[in-house]
2 protein chains.
Amino acid sequence: MSENRLQEAISTLKASGVRITPQRHAVLEYLLNSMVHPTADDIYKALEGKFPNMSVATVYNNLRVLREVGLVRELTYGDSSSRFDCNTSDHYHIICNSCGKIVDFHYPSLDEVEALAEQVTGFKVSHHRMELYGECEECQKEEKNKQKSG
Amino acid sequence: MSENRLQEAISTLKASGVRITPQRHAVLEYLLNSMVHPTADDIYKALEGKFPNMSVATVYNNLRVLREVGLVRELTYGDSSSRFDCNTSDHYHIICNSCGKIVDFHYPSLDEVEALAEQVTGFKVSHHRMELYGECEECQKEEKNKQKSG
DNA sequence: TAAACTATTTATAAAGATTATAATTTAAGA
DNA sequence: TCTTAAATTATAATCTTTATAAATAGTTTA
């Protein structure tokens, strides 16, 4: 089925000088055939039949490698702490890639996106969430100063 | 300054039958005066001067109570695992509130939102991320079946 | 094909965020 | 003031992810 994508992915890995181990091959193949955006633990459990001695660390290592090569995207939910916000009105957040600062940002509600999503996916949408990422003014200034002095 | 908001919030708590303890009062006050969307640990550290014996659990308990009453929103980043996705093209995700299933969803890039955000906040935006939440078709059906049989 | 080099895997422990438990304390109404 | 249920504290446990060091195994080169 996705044999082509698998071969392409392996070529990409080889071109990046990444070794093709059986475990790595299996993680990649599993991800390519999966439609459900599995967690690291999902993958670990799915492969433990074939690789009874495989360590969780191996799954994480391979996911990191695949991400670095650009073959896999990570949807982070578990890499930092929850944030708490007293502003309970609808708004979005813009987050600085450098210093982590979170700033509120208002924009008219994207009802249109919700409506289209309902049509396409059959979901009954309750709400949505959006975060913008970038570099805040302060960090931009610091960046410029570094370039000057450096 | 935000003395009014504090009094309002306390009224809301009392109306919900929630006790006003010194620790709870402090957490609430800190959140109302904070503009940076603090983590639970931020709050814990900020209050340990005033309450040297306070437990982290107290902070978490109070944040949960404040959330349940609707005074606080939680931006979850740390409540579940990362998800991994082989589809590295731009797309959004729609997530089922009941079963947790994640489905890809395509929509024209929201360049307009990014442009406005740059103007308003001064950030240099690199990318954005959006998730829609709702109930998938399967879970909607199950819900209907329950209502019939129940 | 064998040897060598180094990336990868494994096993284990550690870190960090959050929740659970049980005993003690305390807010708020009678 | 007394009472009672709720809240707090201290502690341990859970869960995800990362770090470390020793063992293993891909890949290149002779």
Side-chain angles (χ1 to χ4, degrees), chain A residues 9-30 37-69 71-84 100, chain B residues 9-30 37-69 71-84 100:
Chain A
I10 289 177
S11 299
T12 304
L13 287 174
K14 284 188 177 167
S16 306
V18 174
R19 292 185 185 167
I20 315 297
T21 67
Q23 296 90 336
R24 183 164 290 157
H25 189 281
V27 169
L28 180 58
E29 189 174 18
Y30 182 82
H37 308 78
T39 65
D41 195 57
D42 291 337
I43 300 172
Y44 177 64
K45 286 203 172 64
L47 300 182
E48 70 180 354
K50 228 187 220 171
F51 301 92
N53 293 325
M54 187 170 63
S55 162
V56 237
T58 299
V59 176
Y60 280 101
N61 287 339
N62 282 318
L63 288 171
R64 180 176 37 74
V65 169
L66 296 174
R67 171 161 48 77
E68 284 168 357
V69 174
L71 287 172
V72 163
R73 282 241 184 119
E74 180 174 3
L75 279 179
T76 52
Y77 290 103
D79 67 337
S80 72
S81 310
S82 286
R83 299 281 186 150
F84 296 88
Chain B
I10 290 177
S11 299
T12 304
L13 286 174
K14 284 188 177 166
S16 307
V18 174
R19 291 186 185 167
I20 315 297
T21 67
Q23 295 90 335
R24 183 164 291 158
H25 189 281
V27 169
L28 180 58
E29 190 174 17
Y30 181 81
H37 309 78
T39 65
D41 195 58
D42 290 339
I43 300 171
Y44 177 65
K45 287 204 170 63
L47 299 182
E48 70 180 355
K50 228 186 218 172
F51 301 92
N53 293 325
M54 186 169 64
S55 164
V56 238
T58 299
V59 176
Y60 280 101
N61 286 341
N62 282 318
L63 288 171
R64 180 176 37 74
V65 169
L66 295 174
R67 173 162 46 78
E68 284 168 358
V69 174
L71 287 171
V72 164
R73 282 242 185 120
E74 180 174 4
L75 278 179
T76 52
Y77 291 102
D79 67 336
S80 71
S81 310
S82 286
R83 299 283 188 148
F84 296 87

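All chains are named by letter (A, B, ...) in the order of the sequence lines, taking the proteins before the strands, and each is independently numbered beginning at 1.
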Can you check whether B/Leu71 reaches B/Leu13 side chain to side chain, under 4.5 Å on heavy atoms?
yes

Give a yes/no answer on whether the side chain of B/Tyr60 brings an N or O atom under 4.0 Å of OP1 or OP2 in C/dT18.
yes

Do A/Val59 and A/Asp41 have side chains that get closer than 4.5 Å, going by heavy atoms?
no

5'-most by nearest nucleotide on DNA chain C - A/Ala57 or B/Val56:
A/Ala57

Specify the separation, in whole Å, of atom CG of A/Leu63 and atom C1' of C/dT9.
15 Å

Taking for B/Gly17 and for B/Ser80 the nucleotide of DNA chain D with the nearest heavy atom, the one nearer the 5' end belongs to B/Gly17

Kindly give the atom pairs (protein nitrogen or oxygen, nucleotide nitrogen or oxygen) under 3.5 Å for nucleotides 26-30 of chain C.
from	atom 1	to	atom 2	distance (Å)
C/dA27	N3	B/Arg19	NH1	3.4
C/dA28	OP1	B/Ile20	N	2.9

Rounded to whole Å, the CG-P distance (B/Asp41 to C/dG16) equals 10 Å

Side-chain contact test, heavy atoms from C-beta onward, threshold under 4.5 Å: evaluate it for B/Val18 versus B/Glu68 and give yes or no.
no

What's the CD-P distance between A/Glu48 and C/dT9, to the nearest Å?
17 Å

For B/Arg73, what residues pass the salt bridge (charged side-chain N to carboxylate O under 4.0 Å, His left out) criterion, not counting sequence neighbours?
A/Asp90

By the 4.0 Å heavy-atom rule, please label A/Thr39 as base, sugar-phosphate, or nothing.
nothing

Are B/Thr39 and B/Asp42 linked by a side-chain donor-acceptor pair shorter than 3.5 Å?
yes

For A/Thr58, which contact category applies under a 4.0 Å heavy-atom criterion: base, sugar-phosphate, or nothing?
base

Treating A/Arg83 as the side-chain partner and B/His37 as the backbone partner, does any N or O pair qualify as donor plus acceptor under 3.5 Å?
yes

Mind checking whether B/Asn62 and B/Ile43 have side chains closer than 4.5 Å, heavy atoms only?
no

Bounded by its outermost nucleotides with an atom under 4.0 Å from a heavy atom of chain A, the footprint on DNA chain D reads D/dT16 to D/dT27

Heavy atoms only, 4.0 Å cut-off, all strands: where does B/Asn62 land among base, sugar-phosphate and nothing?
sugar-phosphate

Sub-4.5 Å side-chain heavy-atom contact between B/Ile20 and B/Leu28
no

For DNA chain D, whose closest nucleotide is more 5', that of B/Arg24 or that of B/Phe84?
B/Arg24

Rounded to whole angstroms, how far apart are OH on B/Tyr44 and C1' on C/dG16?
14 Å

Kindly indicate whether the side chain of B/Arg24, heavy atoms from C-beta on, has any atom under 4.5 Å from the side chain of B/Asn61.
no

